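All chains are named by letter (A, B, ...) in the order of the sequence lines, taking the proteins before the strands, and each is independently numbered beginning at 1. Everything numeric in this text was worked out from a predicted model, so none of it was measured.
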There are 2 protein chains.
Amino acid sequence: MQISEVAKKFDLTTDTLRYYEREGLIGPIAKGKNGIRNYTEDDLQRIQFVKCMRAAGLEISFLKRYLQLFDEGDKTVKERREILVEQRKILKEKLDAMQEAYDRLNYKIDLYDKNMLDKKLM
Amino acid sequence: MQISEVAKKFDLTTDTLRYYEREGLIGPIAKGKNGIRNYTEDDLQRIQFVKCMRAAGLEISFLKRYLQLFDEGDKTVKERREILVEQRKILKEKLDAMQEAYDRLNYKIDLYDKNMLDKKLM
DNA sequence: ATATCACTTAGAGTTTACTTTAAGTCAATA
DNA sequence: TATTGACTTAAAGTAAACTCTAAGTGATAT
């Protein structure tokens, strides 16, 4: 699959896909004799993973480290697990903070709906 | 309350507090004759709100607009409510994406714990 | 008195994650 | 054959949100 199709499929730009490859998150993607990238099914699975994690705010540097260990095979299993647990903790904290803000927004909108703003400063 | 105390209380730096003020999110904070900021209870409440929303990833530009409308009084109630609803939607989408990533991380860690990695590529 | 410490300012610098630019290759269509 | 369109590269540029630097003021401790 060519880069523009992949970009479309995952709603990323071709620039972003090449950037991820430069950073070592994906690939190196095999190229035809004309130098054009040809993404395999495995590449697509990896992009899907990266996209999901990036959408959650996990950093490029973490993904890079994790995926490079992944490529080194079984001997890195323990370290990879540790990294995942660490990132899960960070993610959980962010999730909780966001839930709190979400609840607060809901509460405020509710006050607006009930014309009860006068009782609140913020 | 002086800036360093406020910074400590909210686990922000004094630079960040001055930056928020420069950007019009808070203040202008009243200053003593020596030019030193003296934060009021109302200032603190507002900082708490800003911190909560920033922790959830809401942009400075939104907070700036919202809080400036807030300062303009009752005539902006309708617009403020609209902004909140819009931001709530954005936040909800992020929350869902993060929940998805969180579930995925949990699942992966579970696979690592069960030595079942061989069955999965990613 | 002098040093230390917390504060002040304007403006420059940093980090992260892209995004754009410039210059070029190659295949297909008018 | 010329141009259109998708692709390629390296490197520079951008946006957001801080963060740091330099230079200075004023109160207090030695």
Euclidean distance, atom CG of residue A:Leu17 to atom P of C:dA17 [Å, nearest integer]: 16 Å
Atom-pair distance (NZ on A:Lys8; P on D:dA6), nearest Å: 11 Å
A:Lys64 NZ to C:dC18 P, straight-line distance once rounded to whole Å: 14 Å
Atom-pair distance (CG on B:Leu63; C1' on D:dA16), nearest Å: 13 Å
Between C:dC18 (C1') and A:Ile60 (CD1): distance, integer Å: 8 Å
Worked verdict on B:Lys78 versus B:Glu82 for salt bridge (charged side-chain N to carboxylate O under 4.0 Å, His left out): CA-CA 6 Å; B:Lys78 191 157 163 285; B:Glu82 278 163 18; 3.6 Å; yes
5'-most by nearest nucleotide on DNA chain D - B:Lys33 or B:Gly57: B:Gly57
Integer-rounded Å distance: D:dC20 P and B:Tyr19 OH: 15 Å
Any B:Thr13 side-chain N or O less than 4.0 Å from OP1/OP2 of D:dC18: no
Sub-4.5 Å side-chain heavy-atom contact between A:Arg46 and A:Leu67: yes
Aromatic B:Phe49 / basic A:Lys108 pairing, under 6.0 angstrom, 45° off normal: yes
Side-chain N or O of B:Gln2 closer than 4.0 Å to phosphate OP1/OP2 of C:dA6: no
B:Arg54, nearest nucleotide to its side chain (from D:dA17, D:dT8, C:dA17): D:dA17
salt_bridge(B:Glu59, B:Lys64) N-O dist < 4.0 Å: no
Euclidean distance, atom CG of residue B:Leu58 to atom P of D:dA16 [Å, nearest integer]: 15 Å
Touch class at under 4.0 angstrom, heavy-atom based, for B:Glu23 against every strand present: nothing
Donor-acceptor pair between B:Arg80 and A:Tyr112 side chains, under 3.5 angstrom: yes
Separation of D:dA27 P from B:Ile36 CD1 (nearest whole Å): 8 Å
D:dC7 OP1/OP2 closer than 4.0 Å to side-chain N/O of A:Thr14: no
Would you tabulate the pairs of protein nitrogen or oxygen atoms and nucleotide nitrogen or oxygen atoms of nucleotides 20-22 of chain C closer than 3.5 angstrom?
none

N/O (side chain, B:Ser4) to phosphate O (OP1/OP2, C:dC7) under 4.0 Å: yes
Donor-acceptor pair, side chain of B:Thr40 and main chain of B:Asp43, under 3.5 angstrom: yes
Flag, side chain of A:Gln68 to backbone of A:Arg65, donor-acceptor distance under 3.5 Å: no
Test item: B:Asn38 side-chain N/O and B:Gly32 main-chain N/O as donor-acceptor pair under 3.5 Å: no
Phosphate OP1/OP2 of C:dC18 contacted by A:Tyr20 side-chain N/O (<4.0 Å): yes
Distance test, side-chain N/O of A:Arg18 to OP1/OP2 of D:dT8, below 4.0 Å: yes
Side-chain N or O of B:Lys31 closer than 4.0 Å to phosphate OP1/OP2 of C:dT9: yes
